[in-house]
Asks: 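Attaching a single structure in structure tokens format; questions to follow.
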Amino acid sequence: MMMKLLKIACLATYALALAGLLGWLPPTLAGAGSIALTASLALLAIHALELALMFKHVRSYPGSLAASVALTLLFGLMHWKPLAEAQARAKQAAP
């Protein structure tokens with residue numbers, strides 16, 4: 001449940017930043033748009049670093065590699081951590 005809430009928070013941050021960039025926010029929320037833009041850029045930078053460091057787990061995604069890279073850039077550890085845990089469980093189950 002917590003992972004879903006964190007994913008929603010990431011998406012909301014990205015949506016608010018995009019709305020601010022496109023000028024869709026009312027003047028009273030313009031400050032929130034610039035804060036969301038800064039937060040979004042920070043999230044993307046951190047997630048890009050995670051992508052580089054955890055690429056072996058990102059590669060294990062059952063879908064396409066491009067989709068896994070995009071999901072990692074959007075959600076970071078909320079995407080690759082379950083993949084890493086599944087790999088660890090599979091490694092423990094194999095003799």
Side-chain angles (χ1 to χ4, degrees):
M1 179 67 176
M2 186 61 152
M3 289 288 217
K4 286 187 181 188
L5 291 174
L6 290 173
K7 284 182 178 182
I8 290 169
C10 279
L11 290 175
T13 302
Y14 298 139
L16 187 59
L18 184 61
L21 280 174
L22 296 174
W24 293 350
L25 294 177
T28 56
L29 290 178
S34 66
I35 292 170
L37 178 60
T38 303
S40 293
L41 292 174
L43 280 174
L44 288 173
I46 292 166
H47 293 168
L49 182 61
E50 285 180 288
L51 176 63
L53 295 175
M54 298 299 170
F55 193 72
K56 70 177 185 174
H57 301 300
V58 172
R59 231 182 20 220
S60 71
Y61 183 66
S64 73
L65 180 59
S68 189
V69 166
L71 289 169
T72 302
L73 288 174
L74 286 173
F75 302 118
L77 76 102
M78 293 170 279
H79 173 67
W80 64 259
K81 183 103 167 102
L83 298 172
E85 290 170 351
Q87 280 182 335
R89 281 192 305 270
K91 193 178 277 189
Q92 285 179 347

Asks: Under 4.5 Å side-chain heavy-atom separation, chaining through any Ile, Leu, Val, Met, Phe, Trp or Tyr, what else clusters with Ile35? Say none if it is isolated.
Replies: none
Asks: Taking everything shown except Lys81 itself, do over 12 heavy atoms lie less than 6.0 Å from its NZ?
Replies: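 Counting neighbours around NZ of Lys81, 12 or fewer heavy atoms of other residues, nucleotides or ligands fall under 6.0 Å, so no.
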Asks: To check you understand the geometry: which heavy-atom pair defines the closest contact between Tyr14 and Leu74, and what is its length?
Replies: OH-O, 2.9 Å
Asks: Measure across Leu43 and Thr13 and return the closest heavy-atom pair with its distance rounded to 0.1 Å.
Replies: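 Shortest heavy-atom separation between Leu43 and Thr13 comes out as CD1-CG2, 4.3 Å.
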Asks: Who clusters with Leu29? Use side-chain heavy atoms, under 4.5 angstrom, across I, L, V, M, F, W and Y, and order the result by chain and number.
Replies: Leu16, Leu25
Asks: Test of understanding: clusters of I, L, V, M, F, W, Y form through side-chain heavy atoms closer than 4.5 Å, transitively. Do Leu65 and Leu73 belong to the same one?
Replies: yes
Asks: Which residues pass the ring pair (Phe, Tyr, Trp, His ring centres under 6.0 Å) test with His79, not counting sequence neighbours?
Replies: Tyr61
Asks: In Å, rounded to the nearest 0.5 Å, how long is the span from CG of Leu83 to CG of Leu71?
Replies: 9.0 Å
Asks: Among all residues two or more places apart in sequence or in another chain, which pass the side chain to side chain contact (heavy atoms under 4.5 Å, CB included) test with Thr38?
Replies: none
Asks: Enter the distance from Met78:CE to Cys10:SG here, rounded to the nearest 0.5 Å.
Replies: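 Rounded to the nearest 0.5 Å, the CE-SG separation comes to 3.5 Å.
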Asks: Side-chain donor-acceptor pairs under 3.5 Å in residues 50-60, sequence neighbours left out?
Replies:
from, atom 1, to, atom 2, distance (Å)
Glu50, OE2, Leu77, N, 3.1
Glu50, OE2, Trp80, NE1, 3.1
His57, ND1, Gln87, OE1, 2.5
Ser60, OG, His57, O, 2.6
Ser60, OG, Gln87, NE2, 3.4

Asks: With rounding to the nearest 0.5 angstrom, report the CD1 to CE distance, Ile8 to Met3.
Replies: 13.5 Å
Asks: Give the other cluster members for Trp24, using side-chain heavy-atom distances under 4.5 Å between Ile, Leu, Val, Met, Phe, Trp and Tyr residues; answer none if it is isolated.
Replies: Leu18, Leu22
